[in-house]
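Since the structure comes first, as structure tokens, the remarks are kept for the end.
Order of the sequence lines sets the chain letters (A, B, ...), proteins ahead of strands, with each chain counted from 1.
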Amino acid sequence: MFTLGIDIGSTTSKCVILEDGKRIVTKNLVKRGTGSDGPDIAVKKSLEDAKLSMDDISCIISTGYGRNNFAQANGNKSELSCHARGAFFTDPETKTIIDIGGQDAKVIFLNENGVINNFLMNDKCAAGTGRFLDVMSGILNVDINDLGDYALKSMHPITISSTCTVFAESEVISQLSKGVDIHDLVAGICQSVASRTANLAKRGKISSKIYMSGGVALNKGVRKALSQELNDEINFNPDAQFMGALGASLLAYESLKKNLN
Amino acid sequence: MNKTELFKPFYNLANNPKEIKDRYLKEGKKIVLVAPVYTPEEIAHSMGLVPMGAWGADVEINDAKEYFPTFYCSIAQSLLQLGMNKKYQGVSAVLIPHLCDTLKCLGQNWKAAVEDVPFIPVAYPQNRKADFGIKYTYKVYESVIEALEKATGEKFDEAKLKDSIEVYNAHNDAMRRFAVLCSKHSDVSATDRSAVFKSATFVLKEEHTKMVNDLIDAISKEDEVSDKTKIYTTGILADQKAFLEILDKNNLQIVADDVAAETRQYRTDAEVKDAALQSLSEKWANMDNCSVLYDPKLNRVNYIVEQAKKYDAKGILLVMTKFCDPEEFDYPAIKKACEEANMPLVQVEVDRQTKEYGQAETLIETFKDMLN
């Protein structure tokens, strides 16, 4: 039995096909999110990779910001529920999940059975989100995927004092004009995201293991800074970006099983 | 039950305040706007005036920004905008209580920005329970009466105030019974429930009481229904259509509320007695459990948790009106009390200008998953 989960975010679309709720058959990420052809392309590529057709898929669950607009879905679930399910499947010892997405940051607290018992969301401001890193990588002309490596080479990280992304942009330009080392600037930017996320997380009861999901989890600089802020190890999976889609695919399988029983 | 027919009159009122205003004016009645919250409507009613609720509206705010900074309560901003847009033409006056800093500024700005509707302040004392507080409130009401007489040409008569208090108590009772009925009928949607509360502010209370009593009779004849996830709501305002639709889409049933625009204002009755103005002053003293009412012990916090438990709510949805200082101040204490009581709580921000509720939807969906 194959199930498909699609996570339609603000900047990317991620798709995961599972077999019998256990084996990941394929996963795909397209760098176009809600309101674009990204979701359709992600599904098409996944089906091609898995050598399956839509008729082979028993259930589709959509998640993410664009979850309500994916017509082929049999149902949809919030991205928090899906990230929780995906992360717990990947590592059942997970108690705290930090997901920094394109336009918001979320912290999810799980009990020992992987059930959400609290969650927090920063939905007011682009600072502390993937969008912040995106804007900064543009100013510095550094590929967003390389920000982590740049941060780790820093000897004297600078501090970004502005709370607002727009003002932080001016601040970074000002530092650049002063000739500040770009590695120190990137480290300061990663620290800024980590600090805001840690402050959000501290509003709840953080327990180990802490697991980071979402695209920003791949950024070593943010992970290192977050680990320092929370004084705990930050775990992640190379498939961190797919946790929402994986969770959606798992929930699709579970809903089928529930209906069969 | 044919719900559409039952609730249609309430939607008609809730969605068409301008038509109601025009109807009353055509009938030769004089209208007084009553801004939130706890405005002494009974006084205006007793003088033969129509008190019409003025909680702002989902309008584009532009001119009002000349008077308010951007980060400001949108109820106040939109109310001023409506005034500046001449939406209240023909209205005799506006009563604005000074219960928070925002409302104080609203009154001052109204004076400067809206020339055709006179502003009447209701400067309530926050130390309201002691004798001196009740005496002060009495004096405040006297000044309101004087200003209303000047603005409308109508005369105050304490015997008529006693009658109006009876009218308002009957309405309070109907609204309280309706709220309790909603806790037993999950087939009354959050949107339907809101229409009943919102419509109450626009029409004369005797009209609305009759409508609500008829509605209660009709619903009471039906079997009780309980097939949704029960939640308790708290906040200032929770009447945004898109927001309510998210609650309904997620099968969430509001079993009780602590929302200022809903049951909070119907909790306290005034005693029916000949010294009616004194009675109204004592009513103010007897009010409690509200973010804009001074309470050094913050009893409201436990009240919310206990009410949620009483109505078997699985969680509390705190509907935060953006930039509402009094509600923001109470939030940490509410959060702590909910944690201690193991009562799930989620905060959703709303205002008069939000058009997209995508993130609120994510929060509410996850909250529902968490409760189930």
Side-chain angles (χ1 to χ4, degrees), chain A residues 7-10 33-35 61-69 75-85 88 97 99 101-111 113-126 129 163-164 200 202-205 244 247-248 251 254-255 258, chain B residues 70-72 74 229 231 242-243 245-252 314-324 327-328 331-351 353-372:
Chain A
D7 179 0
I8 307 168
S10 55
T34 184
I61 294 284
S62 58
T63 186
Y65 192 58
R67 65 188 175 282
N68 290 320
N69 304 322
N76 61 66
K77 280 278 177 187
S78 86
E79 51 266 44
L80 288 102
S81 299
C82 290
H83 272 270
R85 192 69 195 88
F88 190 75
I97 301 163
D99 167 33
Q103 64 174 8
D104 54 26
K106 304 162 194 105
V107 184
I108 309 162
F109 304 94
L110 305 182
N111 68 14
N113 299 318
V115 176
I116 299 176
N117 56 26
N118 194 8
F119 62 94
L120 299 159
M121 210 168 145
N122 161 33
D123 56 357
K124 291 184 184 69
C125 174
T129 72
T163 311
C164 163
L200 178 72
K202 284 172 187 171
R203 291 184 210 163
K205 288 176 186 159
L251 290 170
E254 284 161 15
S255 74
K258 199 174 165 188
Chain B
T70 305
F71 303 115
Y72 213 78
S74 61
T229 305
I231 58 162
F243 165 75
E245 283 171 355
I246 294 169
L247 299 187
D248 289 332
K249 185 180 154 193
N250 282 284
N251 284 322
L252 294 168
K314 293 180 89 173
I316 296 175
L317 181 62
L318 194 151
V319 189
M320 181 66 76
T321 297
K322 212 177 269 184
F323 310 123
C324 176
E327 291 279 310
E328 295 266 12
Y331 174 68
I334 295 171
K335 180 171 176 278
K336 191 176 170 209
C338 285
E339 282 169 0
E340 285 169 3
N342 269 332
M343 175 63 72
L345 167 79
V346 73
Q347 181 191 170
V348 177
E349 266 197 349
V350 296
D351 71 7
Q353 289 181 283
T354 306
K355 289 193 173 84
E356 281 294 321
Y357 280 90
Q359 282 169 324
E361 188 170 6
T362 299
L363 277 169
I364 291 166
E365 272 186 33
T366 310
F367 189 55
K368 186 196 76 176
D369 285 349
M370 195 173 97
L371 298 182
N372 293 319

For Phe243(B), what residues pass the ring pair (Phe, Tyr, Trp, His ring centres under 6.0 Å) criterion, not counting sequence neighbours? none

Does Tyr357(B) have any ring pair (Phe, Tyr, Trp, His ring centres under 6.0 Å) partners at least two apart in sequence or in another chain, and if so, which? none

When the 4.5 angstrom heavy-atom criterion is applied to Asn68(A) and chain B, the contacting part is side chain

Backbone of Ser78(A) reached by a side-chain donor or acceptor of Thr362(B) within 3.5 Å: no

Among the listed options Leu345(B), Val346(B), Thr366(B), the residue most often paired with chain A at heavy-atom distances under 4.5 Å: Thr366(B)

For the pair Lys205(A) and Glu339(B), find out whether any cationic side-chain nitrogen is under 4.0 Å from an anionic carboxylate oxygen. no

Let me know if Lys335(B) has heavy atoms under 4.5 Å from chain A in its side chain, its backbone, both or neither. side chain

